[in-house]
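Chain letters run A, B, ... following the sequence lines, proteins first, then strands; residues in each count from 1.
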2 protein chains.
Amino acid sequence: MEGKSIGDYIKKVSDRIPAEDIPLLVAWAESREFKKGTVLLKEGTVCREFYLVEKGYLRTWYNKDGAAINLNFTFEGAFTTNLKSLNGRLPSELTIEAGEDARVWVFNLDLRRERPGSDAQIVLFVRRLALHIMLVAEEHSNLFKLYTPTERYRYIEKNNPTLLQRISLSQLATYLGVTRETLSRIRGKKV
Amino acid sequence: MEGKSIGDYIKKVSDRIPAEDIPLLVAWAESREFKKGTVLLKEGTVCREFYLVEKGYLRTWYNKDGAAINLNFTFEGAFTTNLKSLNGRLPSELTIEAGEDARVWVFNLDLRRERPGSDAQIVLFVRRLALHIMLVAEEHSNLFKLYTPTERYRYIEKNNPTLLQRISLSQLATYLGVTRETLSRIRGKKV
DNA sequence: CTGGAGCTGTGACAATAATCACAATCCATG
DNA sequence: CATGGATTGTGATTATTGTCACAGCTCCAG
């Protein structure tokens, strides 16, 4: 048996997406492969795409004085983009790249108008998707606002253990807002 | 002369809102007054409203072990709500209350269907508004992810000086993720 | 199989922020 | 305009995290 299909992932975005819109949205997407380290969205360019990860994962990071601060990891079945850039047509301050060799469904907004008869459904889906992505991101933001570094790690351990299995300690450290040394020590002392 | 009208504030949410939709949206809103300290959204209840501040300000906070952590201040001309609660019909983990005596335009989703002929426009506006609110909130989140406490204060000083004029040091401290003593010391040492 | 690049763990020390205590100041109200 | 509660400033101390240095480990590529 195969895993979940692109249609299933689209449905998970909102239970209010009409079933008859799914084929239109699937037809809009393009499947592409990216080698580990390949940049999908480059700092300084305007983002025009959503990404749905089918295999591997995508890493979103901010360049602070030459050091990378990870803001997001997107795994199989999840969507990502840079909404600030996409919505405001602003140059991206973030980079999105493949963290492993990846297969990704690309939803390109510039290809949207070339699909007459689908536009209204696509626009509606895009708005729902945008809110969905932001609400997921808010959870990560709240780690910083409400918890201490140790509490953040325990939260991930409990609610997102996939991260611990697939992301290296150094990469995870910047995602949690601590140095790799501190994260190593947090991880060391059990409970 | 009066200040800006509710219609002007609605237009600022997105420049793609059709001018002819504005009157429908204005008619949907209800003006209400709240005394300082009055709770508009109570922890544990499902949020069904958007708020547009006309006068005064609203404060959104999270209750962590009995202590309030401020997550948002909404001033004149800006919108707020709890999108996680509103979108998912989940009990709110946050409280929204009047930080000063306030006059607020309330957009109640349950009153929406009672306005036949406006529903499509309202739904469209609500989606745009939701994204707008999240993108504004993201800026605050990035303060925590990318900057040190001192950098956060300098950022607010430069980009949001209204906060420094209208919010007490103790309230601002939790918004910046430091103790009031630390914020006092940051403020003390000039440049 | 082995050398080396890139992780990770850990000790010593420095820097930063929290905590605790209390004095000074602000300011609303009688 | 006096006064008491709330807010802010500041010192002393503790706790936490960052920085630096280096050793050990892992795991490919040759």
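In the set dT19(C), dG18(D), dC7(C), dT19(C) carries the atom at the smallest distance from any side-chain atom of Thr179(B).
For Glu138(A), the side chain to side chain donor-acceptor pair (under 3.5 Å) criterion is met by no residue, not counting sequence neighbours. Scored by the side chain to side chain donor-acceptor pair (under 3.5 Å) test, Glu139(A) finds Tyr155(A) as partners (sequence neighbours excluded). Residues satisfying the ring pair (Phe, Tyr, Trp, His ring centres under 6.0 Å) criterion with Phe144(A), sequence neighbours excluded, are His140(A). Under the salt bridge (Lys or Arg N to Asp or Glu O under 4.0 Å) criterion, Arg180(A) pairs with no residue, sequence neighbours left out. For Lys11(A), the salt bridge (Lys or Arg N to Asp or Glu O under 4.0 Å) criterion is met by Asp8(A), not counting sequence neighbours. Residues passing the salt bridge (Lys or Arg N to Asp or Glu O under 4.0 Å) test with Arg185(B): none are found, sequence neighbours excluded.
Rounding to whole angstrom units, CD of residue Gln171(B) and P of dA6(D) are separated by 14 Å. Regarding Ile186(A), its CD1 atom lies at a distance of 14 Å from the P atom of dT8(C), rounded to whole Å. What separates OH of Tyr147(A) from P of dT17(D) is a distance of 16 Å, to the nearest Å.
In this structure, Gly177(A) and Ser168(B) both approach DNA chain D, and ranking their closest nucleotides by distance from the 5' end singles out Ser168(B).
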Please list, one pair per line, the donor and acceptor atoms closer than 3.5 Å that link side chains of residues 90-101 of chain A to other protein atoms, with sequence neighbours excluded.
residue: Ser92(A); atom: OG; partner: Asn82(A); partner atom: ND2; Å: 2.9
residue: Ser92(A); atom: OG; partner: Leu94(A); partner atom: N; Å: 3.0
residue: Ser92(A); atom: OG; partner: Leu94(A); partner atom: O; Å: 2.7
residue: Glu97(A); atom: OE1; partner: Trp61(A); partner atom: NE1; Å: 3.1
residue: Glu97(A); atom: OE2; partner: Arg59(A); partner atom: NH2; Å: 3.3
residue: Glu100(A); atom: OE1; partner: Arg166(A); partner atom: NH2; Å: 3.0
residue: Asp101(A); atom: OD1; partner: Lys36(A); partner atom: N; Å: 2.7

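The minimum heavy-atom distance linking Ala137(A) with Lys145(B) is given by the pair O-NZ, 4.5 Å.
Expressed to the nearest 0.5 Å, how far OG1 of Thr80(B) lies from CG of Asn72(B) amounts to 4.5 Å.
Judged as a side-chain hydrogen bond (donor to acceptor under 3.5 Å, both in side chains), the pairs with a partner in residues 40-49 of chain B (not counting sequence neighbours) are, in order, Arg48(B)-Asp110(B), Glu49(B)-Tyr51(B), Glu49(B)-Asn108(B). Applying the side-chain hydrogen bond (donor to acceptor under 3.5 Å, both in side chains) test to residues at least two apart or on different chains, none of the pairs has a partner in residues 14-30 of chain A.
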- [ ] Scan nucleotides 9-15 of chain D nucleotide by nucleotide, 5' to 3', and note B when protein non-hydrogen atoms come under 4.0 Å of the base, S if they reach only the sugar-phosphate, - if neither.
- [x] BBBB---
Find every protein N or O atom lying less than 3.5 Å from an N or O atom of nucleotides 24-30 of chain D, and list the pairs.
none

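Helix bend of the helix from dC1(C)-dG30(D) to dG30(C)-dC1(D): the angle between its two end axes, each built from five pairs, comes to 40° after rounding to 10°.
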